[in-house]
Structures are given as C-alpha cells and as structure tokens.
Amino acid sequence: MRRTIFDEEHEAFRASAREFLDREVRPRHEEMIADRAIPRDVWLEAGKQGFLGLAIPQEYGGGGVGDDYRFATVWAEELSAVSAAFSSCFGIHGDVVAPYLTELTTEEQRQRWLPGFCTGEIVTAIAMTEPSGGSDLAALRTTAVRDGDAWVLNGSKTFITNGCSADLVVVAARTGPAKGAKGISLFGVETGMEGFTRGRKLDKVGQDESDTAELFFDNVRVPEDNLIGELDRGFIHMMERLPQERIGAAVCNLSHAAAILEETIQYTKERKAFGQAIGTFQYNKFTIAELVTKIEVTQAFVDQCVMAHSARGLSAVDAAKAKWWTAQVQNDVLDVCVQLHGGYGFMNEYRVARAWRDARVTPIWAGSNEIMKELIGRDLGL
Ligand SMILES: Cc1cc2nc3c(=O)[nH]c(=O)nc-3n(C[C@H](O)[C@H](O)[C@H](O)COP(=O)(O)OP(=O)(O)OC[C@H]3O[C@@H](n4cnc5c(N)ncnc54)[C@H](O)[C@@H]3O)c2cc1C
C-alpha cells in the first residue's frame, strides 16, 4: 500500500541516508559485529552528513527540522533495514537523548554539549535501568547526594546502549531518599569524571554491533552545572519523553521486519522443493499473504502515530500500543521468515538468522510489552 505521509524533501533525505549507509556502513558491517561497536569514524561521518542532530536547532549545528518527526522516521527506517542494532545505537543518541539535551538544558549546557553531539564528537547514552530492575523505574537505587557545589553519585546501571562509547551519559539518580518517583533527578555524567567506570561489553543473544554496557558510579563528583532539568523532577522528565522513544522503537520494529520479509519473499521465489518454488505452495503463499497484510495494516497505524507526534499530539497510550504491537508483529514475521529459509535460516551467515536474534529484545526494552499493556489497561480504567 502506498504510504502518503512523506513529501519530496523526506524522500530526498531517504536517498541520502541510503547512500550513506551503502558507502560507510554496509561494507564494514562484519567488522562492527566482530568489534561489538560502531567505530567513531562512522559516527563522525554520520555527523558530517547531518544525520545525528536532526531535531537540534541549527544554531548548535543541528538539522533544525523542529517537530517534523518524519525525518527521524526516515533515518530510523533506513538504519533498521540494514541492522536493528544500528537503529538502536543511533536512535538512542539522536532520538532518545536529544530531547533531554534540547528541552531541559540551560543555554550554557546547550553550548557545551550540542555542537559535539551533532558532529559525533560527543556520543551519548541514557542510563535508567539498574541491575535490581528496569520496569519499576521509580524504585531506582543509584543515589546523588549534594556536597558543596557538586552531586556525589553512587550506584550502577546495566544494559546501557552506547554504554562503552558514550562521552556523555544522562543518568537517573535518586536525590530524594524517601520521595519515590518525586525524588529522582537527571545528571550529565561525562567520560573522565573520577569514579565513573564501565564494565565489560555485555555478551548479548543478538544485536552484536551495538555496545551495551554496565556503568558504575563510585563517589563520582558531578558538578552542579551538570544537573539536567529540574531537581526531583527527573521521573516526570523521563515519562514525558518516553512516547518519542516508543514511537521510534515502533518505526524500527516494523521497518526491520518489512525489510527481512521482502528478502524472504524473494528467497521463496527462487528456492525450489518438489520441483516448484517454495513460495507457491498454498500454505506458504497464504502465510506470506497474511504477514504482508499485517505489516501494511500496522504501517498505517504507525504512520498515524508519526503524524500525531509531528503535531505534538501523540498520547503515551497510543505510543504504547504502537510499541508493543510492532514488537509482536516483528517477532511473528521474523519467526516465519526463518522457517521459510529452512536450515539456512538457522545459519548466522544469513541475514534472516541474525535479524531473528536481533528482534528478540524488542518486546523487552523501551518498556516491556507487559508494561505497555499495563499502561493501556490503566487508561481503560482497569
Ligand atoms: C539490549 C538492551 C539494551 C538496552 N538499552 C537500555 C538503555 O540504553 N538504557 C536503559 O536505561 N535501559 C536499557 N535497557 C534496559 C531495558 O529497558 C530493560 O531491560 C527493561 O525495561 C526491562 O527491565 P528489566 O530487564 O529489569 O526486567 P524486569 O523489570 O525485572 O522485568 C522482568 C519481567 O517481568 C515483567 N514485569 C515487570 N513488571 C510487571 C508488571 N507490573 N506486570 C507484568 N509484568 C511485569 C517484565 O515485563 C519482564 O517480562 C536495555 C536492555 C537491553 C536488553
């Protein structure tokens, strides 16, 4: 079905994103999988081409696209069509962290961080999840205690995307010991701060190209100037920005599944069994027809969400619906794609096998699918 949400300028942007990925990323994909990281020169090249700070105002070196979320959508779709890990790493930086640094910062902080953010000299991460739990964000245990003109951070975070390579990490910490969700604040923790260390790159089931790490804070003195947003309002700041993270996740989930399904359809036209193309067996033909329909119907909902978000009207509940549903569709589609590849579908050298492993995390992260359904249920008064 023809999508109608993009204008000529978005399509031109898509062409340049594809060209960048074909030139800089695809040829080095295996190297990134082996290193379990995106090399800095790729970040810098992405910065040079203007992909890192799409929504950052131009005065700080960004793309200045404002609320038009279609540009971020195009970039995310093209990244995830190559690899779910790329859309995760670049998405955390340009889509998830960016609003914290533009909307909650002081002018001094924007001058300090945003130009490097846009060039790729400052890669970013966001650290909410802790070893003791991620779903119950209000129960986080990392503490920040005021000491003169600084905050002293103690605790640890885990599963942090870009955790090893990030130069600046937005860290959620407890500033009000007995205040629950009302006692959390956000801090910019930078490489080189004494007591800030990183654990090993975590060994994941999929998404090998992304660096995912544990972070440790041992009496880290974070200057007062690195408080992001209002003291004790960190939980609200995070809740307000989660819809963007979730619609971003939905865009990636769907684009990733659609790209692999397209390749699988081609495979089923070429691969023969019992003298005929495997896609022409009625069972497979009907299965593929169902999946294509599921993708396109889902795309219509996600596109509506993208337009609503561009008009600043996407509700947290609709973002939750888009996030859990696309994660489910993606995993359903990829499971069938593996099956249609037969034994080759289980071989790592086949993109479909990696994609299947890469997708398993999407119902878990960015708020698990169970938490999404909890939000939807609560909105129904249940
Ligand atoms: C590869 C990867 C990258 C990640 N990147 C980041 C990152 O950059 N920054 C960051 O902060 N975090 C990141 N995360 C963490 C991710 O957001 C958490 O894993 C997720 O929020 C779930 O938290 P948890 O793992 O502690 O599971 P838990 O909270 O322990 O939940 C375990 C299970 O219980 C279920 N559950 C919990 N509460 C309920 C409930 N009320 N009702 C029903 N079921 C419930 C969950 O859905 C889940 O199935 C990443 C995780 C992974 C795997």
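In listed order, ligands and their atoms are each counted from 1.
A 4.5 Å side-chain heavy-atom check between Glu59 and Arg110 finds every atom pair outside the cut-off. Looking at heavy atoms from C-beta onward, Asp41 lies in side-chain contact with Arg28 at the 4.5 angstrom threshold. Contact check for Phe274 versus Lys272: no side-chain heavy atoms found under the 4.5 Å cut-off.
Residues in residues 277-291 take part in these side-chain hydrogen bond (donor to acceptor under 3.5 Å, both in side chains) pairs, two or more places apart or across chains: Gln276-Thr280. Within the structure, salt bridge (Lys or Arg N to Asp or Glu O under 4.0 Å) contacts touching residues 323-347 (residues at least two apart or in different chains) are Lys294-Asp332.
Cluster partners of Phe159 are Leu202, counting Ile, Leu, Val, Met, Phe, Trp and Tyr whose side-chain heavy atoms approach within less than 4.5 Å, directly or via other members.
Within 4.0 Å of ligand 1, heavy atoms belong to protein residues Ile92, Ile126, Ala127, Met128, Thr129, Gly133, Gly134, Ser135, Phe159, Ile160, Thr161, Lys204, Val361, Ile364, Trp365, Ala366, Ser368, Glu370, Ile371.
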